[in-house]
Engineer: 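I'd like to ask some things about the structure below.
Just so you know, these numbers come straight off a predicted model, no measurement behind them. This chain uses plain numbering: 1 for the first residue, then up along the sequence.
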Amino acid sequence: MSAPFEERSGVVPCATPWGRWYQTLEEVFIEVRVPPGTRAKDVRCSLRSRHIALAVRGQELLQGKLFDSTVTDEGTWTLEDRQLIRIVLMKTNRDAGNCWTSLLENDYAADPWVQDQMQRKLTLERFQRENPGFDFSGAEISGNYSKGGPDFSSLEK
C-alpha cells in the first residue's frame, strides 16, 4: 500500500438503505448499520474476489456480485461499537480510472453527482501521489477528470 492520501478533502459517500459505501484509489469501504448490541458471533460475512455476502442474526443485509474484482485475502470486516459493521475491500485495479460507479454490479449505484465527486476525489488522490509534498486538498478541478483525469506522463520534466 502506498502513502496515505490526505483526507482533508473528505470522503464522498454513496448512501444506501443499510448504510453507505465510498472508495479511494486502492480500497472500497462499506459501512452497514446493524441493531445496537450486535455481537461478532451474530455476523456472517463472506468476502470473495467478486462477491460479497453479509447476514446478521440470519437476516441477509447485503449480497451480490461486486462491481469489480478485489484482492480476496486482503478484505476485512470489523464490528464497531456493536452497531456498525465496517468492511474494507482492496481493489485489484488501483488506478484513478477505476472509479466504481456502484458497489454491486446491478445495485447501490452512485447518482450522477456523487459519481462525479467520487471521480474528482480519485483524480485528486492520483495527483497527490504523483506529486508528493504538494497539497491538493483545496484544489478545484474543472474539465475532464473521468477515467483518472488528464495524462501528463508524456510531458517533458
Engineer: Atom CD in Q119, atom SG in C99: separation rounded to 0.5 Å?
Structural biologist: 4.5 Å

Engineer: Answer whether the closest heavy-atom distance between the side chains of T70 and V28 falls below 4.5 Å.
Structural biologist: no

Engineer: Check whether T72 reaches the backbone of S49 with its side chain - one donor and one acceptor, N or O, closer than 3.5 Å.
Structural biologist: yes

Engineer: Pairs under 3.5 angstrom only: tabulate donor-acceptor contacts from the side chains of residues 52-69 to other protein residues two or more places apart or in another chain.
Structural biologist:
from: R57; atom 1: NE; to: D42; atom 2: OD2; distance (Å): 3.4
from: Q63; atom 1: NE2; to: H51; atom 2: NE2; distance (Å): 2.8
from: S69; atom 1: OG; to: T92; atom 2: OG1; distance (Å): 3.1

Engineer: So R20 and C14, side chain to side chain contact (heavy atoms under 4.5 Å, CB included) or not? Walk me through it.
Structural biologist: CA-CA 5 Å; R20 67 185 193 160; C14 179; over 6 Å; no

Engineer: Does any part of the side chain of V34, heavy atoms only, come nearer than 4.5 Å to the side chain of L79, both counted from C-beta?
Structural biologist: yes

Engineer: Measure the spacing between CZ of R120 and CD of Q115 and express it to the nearest 0.5 Å.
Structural biologist: 14.0 Å

Engineer: Measure the shortest side-chain to side-chain distance between R33 and Q83 over non-hydrogen atoms and say whether it is less than 4.5 angstrom.
Structural biologist: no

Engineer: Applying side chain to side chain contact (heavy atoms under 4.5 Å, CB included), can you list everything that pairs with F29, at least two apart in sequence or on another chain?
Structural biologist: Y22, T24, E27, V88

Engineer: Do any pairs count as a salt bridge (charged side-chain N to carboxylate O under 4.0 Å, His left out) and have a residue in residues 77-90, sequence neighbours left out, and if so which ones?
Structural biologist: E31-R86, E80-R86

Engineer: Has the side chain of N98 got a donor or acceptor atom that lies under 3.5 Å from a matching backbone atom of R94?
Structural biologist: no

Engineer: Could you give the distance from NZ (K121) to CG (D116), rounded to the nearest 0.5 Å?
Structural biologist: 14.5 Å

Engineer: When you group the ILVMFWY residues by side-chain heavy-atom contacts below 4.5 Å and let the links chain together, are L84 and V11 in the same group?
Structural biologist: no

Engineer: Residues two or more places apart in sequence or in another chain: which of them pass side-chain hydrogen bond (donor to acceptor under 3.5 Å, both in side chains) with S46?
Structural biologist: none

Engineer: Can you tell me if N131 uses its side chain to pair, donor with acceptor, with the backbone of F134 under 3.5 Å?
Structural biologist: no

Engineer: With side chain to side chain donor-acceptor pair (under 3.5 Å) as the test, would you mind laying out the steps for W18 and Y108 before giving the verdict?
Structural biologist: CA-CA 10 Å; W18 40 259; Y108 310 118; 3.1 Å; yes

Engineer: Would you say Q23 and K91 are linked by a side-chain donor-acceptor pair, where the criterion is simply a distance under 3.5 Å?
Structural biologist: yes

Engineer: So, using side-chain hydrogen bond (donor to acceptor under 3.5 Å, both in side chains) as the criterion, who are the partners of W77 when residues are at least two apart?
Structural biologist: none

Engineer: Quick check: do C45 and I85 have side-chain heavy atoms less than 4.5 Å from each other?
Structural biologist: no

Engineer: Output all residues satisfying salt bridge (charged side-chain N to carboxylate O under 4.0 Å, His left out) with R50, sequence neighbours left out; order by chain, then residue number.
Structural biologist: E105

